Number of protein chains: 2
Amino acid sequence: MATSPIPSAKNSLLKLENQLCFPFYAVSRLLTKAYQPLLQALGLTYPQYLVFLLLWEHGQLTVKELGEKLLLDSGTLTPLLKRMAQKQWLSRRRDPRDERSVIIELLPAGRTLEAQAGPVPEQMLGKMQMSAEEIAALRVHLTHLLTQLA
Amino acid sequence: MATSPIPSAKNSLLKLENQLCFPFYAVSRLLTKAYQPLLQALGLTYPQYLVFLLLWEHGQLTVKELGEKLLLDSGTLTPLLKRMAQKQWLSRRRDPRDERSVIIELLPAGRTLEAQAGPVPEQMLGKMQMSAEEIAALRVHLTHLLTQLA
DNA sequence: TAAAAATTAATTGTGCACAATCAAACATTA
DNA sequence: TAATGTTTGATTGTGCACAATTAATTTTTA
């Protein structure tokens, strides 16, 4: 007569320790918290830092393009970008060729932050204490999940 | 005369696509969004679901214990638990033996949700489309990062 | 080209998330 | 035991995050 394969593990999938998603949730928050002391010196939050990564590379992008790359919608980006514009880090203006679009352009004060942020990636890698192999393996799994869920 | 090893990759670590942390941030949000339609049927948010995972297992816990297990502080938990108490899912009361502690206890309406949440973990595994090997490998890396950052 | 459909941001409302501060209760020790 | 220090939650204020709705503009199509 068949018995339950793991008798003591009733509802084991409904235990926090057996969740795969919770570690993602927790690691994500802990990573943001690990950035905080580094970014605070620049007056930045983590989502604002992500916007800067894109603007430092591309100079200017529309809100739609920022949202596509960061997987964030305008309800998140609009107030965030307004705060960044108030600090003269970037400008917001309608695209005259398509008045629906808003162009976000890096301003000199925002460009200045790029040099100050230079050491941040290495400092974070130091906090994570992972080998190049581990990082490469993780990147593969995360990219897979990202495409699976996006 | 030595040249830069990767001439075209000036500041490559300051590009979004080369970030390791961004995928964690994005995957975490996408996972929460993937839970949403499943949990909405129960009237739950993802953080509330995590609280329930602990209460279904332990029956009752203090706010401090919940915070330690979920890595959340009282500024997050107090209002969240008040909303859950308002729905009669749990009770909040001071521990008479130590009036500083607040005991969170599962109520019948909260226990009822356990059965309804039963299929959720399998449904999420289906959405993630990962092999048992991938999941096991990910769990190792995530646990390592968690202990490294916590 | 006039009407219908689609695109793009902004707005509104709810719910986290966390730093900083506060207040109450408990523990320690001089 | 009285003063000091610690623990525990609650509160306050700021900043995301996202669903749902709205408004303006552009594109498509009848």
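Computed from a predicted model, the values in this text were never measured in an experiment. First the proteins, then the strands, lettered A, B, ... as listed; each starts at 1.
- Looking only at side-chain heavy atoms (C-beta outward), A:Leu72 and A:Leu80 stay at 4.5 Å or farther from each other.
- Protein chain A touches strand DNA chain C; the 5'-most and 3'-most nucleotides with an atom under 4.0 angstrom of its non-hydrogen atoms are C:dT7 to C:dA19.
- A salt bridge links B:Glu68 with B:Lys64: at least one charged nitrogen is closer than 4.0 Å to a carboxylate oxygen.
- Side-chain contact between B:Leu106 and B:Gln60: absent, with no pair of heavy atoms (C-beta onward) separated by less than 4.5 Å.
- At the heavy-atom level, A:Leu77 lies nowhere under 4.0 Å from the strands shown.
- Distances were taken from every side-chain heavy atom of B:Arg100 (C-beta onward) to each of D:dT25, D:dT6, D:dG9; the shortest belongs to D:dT6.
- With no hydrogens or angles considered, a side-chain donor-acceptor pair links B:His144 and A:Glu134 at under 3.5 Å.
- Within 4.0 Å (heavy atoms only), A:Asp73 reaches at least one base atom of the nucleic acid.
- Helix bend of the helix from C:dT1-D:dA30 to C:dA30-D:dT1: the angle between its two end axes, each built from five pairs, comes to 10° after rounding to 10°.
- Residue A:Thr45 is classed as a sugar-phosphate contact, given heavy-atom separations below 4.0 Å to backbone atoms only.
- Across all strands shown, A:Thr32 has no heavy atoms under 4.0 Å from either base or sugar-phosphate atoms.
- Residue contacts for A:Ser101: at a heavy-atom cut-off of 4.0 Å it reaches the sugar-phosphate backbone alone, with no base atom in range.
- Below 30°, between 30° and 60°, or above 60°: for A:Tyr49 and A:Tyr35 the angle between ring planes is between 30° and 60°, a tilted geometry.
- In this structure, B:Trp56 contributes its side chain and B:Gly110 its backbone to a donor-acceptor pair below 3.5 Å.
- The closest donor-acceptor contact from the side chain of A:Thr78 to the backbone of A:Gly75 lies at 3.5 Å or more, if one exists at all.
- Distance alone, capped at 3.5 Å, is enough to place a donor-acceptor pair between the B:Thr143 side chain and the B:Arg139 backbone.
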